[in-house]
Amino acid sequence: MLSAEQHINLHIAFSLAIIFLQAIKLTQTKDKARSAFMIILLVASVAAATYIHFNTTRFQMSIGRQPFDKVFSGAVFLVVILIATKMTWGWVIPVISIIALAYGYFGKYMPGIFYHSGLSFSRLITYVTTNFTGVYGMLASVSANTIVLFTIFGGLMEAFGAISTIMDAAMVASTKIRSGGAQVAVISSGLIGSITGSVAANITLTGAVSIPLMKKRGYPSEFAAACEAAASTGGAILPPVMNAAAFIIASWTGIPYIYIVAVGVAPALLYYLGIALSVYIKALKLGDEKVKAELLPQFHKAFGKLAMFVVPIIVLVVLMVMSYSPQKALFIAVFTLIAMGLAIELMDKSNRSPMDSFKKFITKVLSGFESGAKTVAGIAVCMATMGCVVEILTSTGLPSKISQFALSLAGDNLFVLAILVMITCLIFGMGMPSGSAYILAALLGAPALTTFGIPIIVAHFFVFYFAELSALTPPVAIGCLVASGLADAKFLKTCIVSMRLAIGGFVLPFLFLYRPALLLQGQWYETIWAVLMVISFMFSFIIAVEGFFLQKTTAFERVIALVGALCCLLPIYVLDFVGLALVAAVIVLHVIRFNKNKVLVRQGAEV
């Protein structure tokens, strides 16, 4: 029977093997040197993991001591993990880890709040490896026990055609509403982004369809790119999958996964409602009509197929509500998805016989497992590397020192503290995968909020949202960078427009602090009222910014809309009613003016 530490060790070892094996290309002469290096890394990772595996008990018994083999095997394993992380995620995460290691070693030379007594080289290595913390810590445990099943689930979804089906269903939806061409990006990017786990990959996948469609229908390049970037970035906050981040939050906070999913529903829907409203008002402004149904005949069977992919997700949620563990619920959901995949193949009329259907089914299952294995390999080494950062920072006490420093700067002002935490999250989330961005944000930002007295679920949702939104904020803004490249748009302007479209995402975290009912921290009527205020804010803000509703707004209407939006935003009960009254006044005045203009136009036509 494997111990938990041995299980995690094997999980990381197999992940390393997958990464290095993919990089070995013996048939290409120019890559022989690199392939030889990959083989050396593969051998080193297998050797180190095997040695640690068979000496797990002895290493656990020697905590506090650092024999040579314990330090050496840990050092080798750490080096290959860092290299594998660089290969899969680029330089950012390994560099952060190396900085953390350097901080752990040179702490006694650091000034002010950064000072600590320092760790010797042998203690530093064993702290993050063979003491079975750090790379073997909570994050690696989540990867080995939960995320591995999630990535297999996602891989099978992709193999059975869920992603193309979602795109087809979004295209069908585009025939039902004005702005439908742009809503393709909003619908498909959100749903697919919740599964794929990467903002950049999601934009590349869905943007290849949605961005040309938007540009063809008259939307500016920057708007098309910004819409795709904002919608794809929001995939990580969309329940029930939440890009695997929900599992990390649950493990970090000790809060049940299903509760995190329930808490995340209203904010995520409000985020996408804000984008959809912006797109709809823009469509009215540009005169964009519905996409003609006859132009998309091949997509109209999409909803029936989409329903079959929804079944495994429903099974997952129901089992979680029934208090099944995430692992067991995901395991059953995977087999439900496989059954749905078999049904899809058997109903596919293009297959010549049941045997032909079964062969295709087996091929897709294997492809799904392969895709899931490749994905989890990258996530596993990333979680191991981030586990190293978490262990060093917590063992040196830096997060609590930063928390105390932020509290001393903010004093008794929660808003100032929230601004400081927001800046921290946006800076440390730059260029990071969503899971890693949240981990750093939770480590450095959440403690200050909880120390101030904010409930732990509210604090972690605050940092989670801003960690994800770092994909839209310059100077890195990885989501805008990829989308602007696809749309041939200006990067900085794309960033500005994307932040405007995602205004809900930037406002909601602050409202979590002042209107916690948005996160189900209150009575049901408080939640309804808070949702009403957010919707009113977004609607009036969009009218004010776009300068358009049913027709072009006057300067007076824009000012009233902006003041109304501000009143709905401020958490003062009296101003809520003032804001609602101003929003209602704008709508009434605008509709009266719109109808009067219609009458004048009709009379002019008759003359």
Side-chain angles (χ1 to χ4, degrees), residues 81-82 85 89 92-104 107 110 113-116 119 124 127-128 133-143 147 236 243-255 260 379 381-407 409-410 417-452 454-471 509 512:
I81 287 171
L82 290 174
T85 305
W89 299 102
V92 175
I93 300 173
V95 166
I96 289 174
S97 184
I98 291 167
I99 291 172
L101 289 165
Y103 174 69
M110 303 298 288
I113 64 170
F114 298 102
Y115 172 83
H116 66 90
L119 300 169
L124 184 67
Y127 260 42
V128 299
T133 51
V135 301
Y136 291 99
M138 177 270 292
L139 298 176
S141 176
V142 174
S143 176
I147 294 179
N243 202 356
F247 302 118
I248 301 175
I249 298 173
S251 298
W252 193 292
T253 62
I255 298 170
I260 290 170
I379 293 174
V381 295
C382 178
M383 291 295 101
T385 302
M386 292 306 299
C388 169
V389 176
V390 170
E391 179 62 25
I392 292 172
L393 295 188
T394 52
S395 63
T396 58
L398 183 62
S400 61
K401 293 176 185 176
I402 291 177
S403 173
Q404 292 302 319
F405 179 69
L407 287 167
L409 286 178
L417 178 62
I419 291 290
L420 292 173
V421 174
M422 176 194 74
I423 293 170
T424 301
C425 295
L426 292 175
I427 290 173
F428 284 97
M430 289 189 301
M432 300 276 280
S434 58
S436 302
Y438 161 70
I439 291 162
L440 271 182
L443 187 65
L444 299 174
L449 294 172
T450 54
T451 304
F452 198 91
I454 300 300
I456 188 169
I457 184 70
V458 176
H460 277 263
F461 261 79
F462 182 94
V463 299
F464 173 51
Y465 265 60
F466 278 119
E468 300 308 320
L469 289 169
S470 63
F512 295 161

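Computed from heavy atoms alone, side chains included, the values below leave out hydrogens, waters and symmetry copies. Every value quoted in this text rests on a predicted model; they were computed, and no experiment measured them.
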Closest non-hydrogen atom pair, Ala446 against Val463: N-CG1, 3.8 Å
Exam field: side chain Thr450 to backbone Pro447, donor-acceptor pair closer than 3.5 Å: yes
Non-hydrogen atoms of Ala441 and Cys425 that approach each other most closely: CB-SG, 3.6 Å
Straight-line distance of Leu101 CG to Leu119 CG, nearest 0.5 Å: 10.0 Å
Minimum-distance pair of heavy atoms, taken over all atoms of Ala459 and Ile454: N-CG2, 3.8 Å
Euclidean distance, Thr253 OG1 relative to Ile260 CD1, rounded to 0.5 Å: 4.5 Å
Taking every non-hydrogen atom, the tightest pair across Ala448 and Ala406: CB-CB, 4.4 Å
side-chain contact (heavy atoms from CB on, under 4.5 Å) involving Ile98 - partner list, sequence neighbours excluded: Leu82
Distance-only polar pair, side chains of Tyr438 and His460, donor-acceptor under 3.5 Å: yes
N/O donor-acceptor pair under 3.5 Å between Ser97 side chain and Ile93 backbone: no
Rounded distance (nearest 0.5 Å) linking atom CG of Leu139 with atom CH2 of Trp252: 6.0 Å
Leu449 vs Leu417, side-chain contact (heavy atoms from CB on, under 4.5 Å): CA-CA, chis, key distance, verdict: CA-CA 8 Å; Leu449 294 172; Leu417 178 62; 4.1 Å; yes
Distance in Å, Tyr103 OH paired with His116 NE2, rounded so as to fall on 0.5 Å steps: 4.5 Å
Check: Met383 and Ile248 side chains under 4.5 Å, non-hydrogen atoms: yes
Check: Ser403 side chain, Pro399 main-chain N or O, donor-acceptor pair, under 3.5 Å: no
More than 12 heavy atoms from other groups under 6.0 Å of CZ on Phe428: no
Test log, rule side-chain contact (heavy atoms from CB on, under 4.5 Å), inputs Gln404 and Ile113: CA-CA 9 Å; Gln404 292 302 319; Ile113 64 170; over 6 Å; no
For Cys382 against Trp89, the heavy-atom pair lying closest together: CB-NE1, 3.3 Å
Non-hydrogen atoms of Phe466 and Pro509 that approach each other most closely: CE1-CB, 3.3 Å
Gap between atom CG of Leu398 and atom CZ of Phe114 - 0.5 Å precision: 6.0 Å
Aromatic plane relationship, Phe461 with Tyr465 - under 30° parallel, 30 to 60° tilted, over 60° perpendicular: tilted
Partner set under side-chain hydrogen bond (donor to acceptor under 3.5 Å, both in side chains) for Thr85, not counting sequence neighbours: Thr385
Spacing of CG belonging to Leu443 relative to OG1 belonging to Thr424, to within rounding of 0.5 Å: 11.5 Å
Residue pair Lys401, Thr396: steps toward the side-chain contact (heavy atoms from CB on, under 4.5 Å) verdict: CA-CA 10 Å; Lys401 293 176 185 176; Thr396 58; 5.9 Å; no
Show me the side-chain donor-acceptor pairs of residues 386-394 shorter than 3.5 Å, one per line, residues at least two apart or across chains.
from   : atom 1 : to     : atom 2 : distance (Å)
Thr394 : OG1    : Val390 : O      : 2.7
Thr394 : OG1    : Glu391 : O      : 3.1

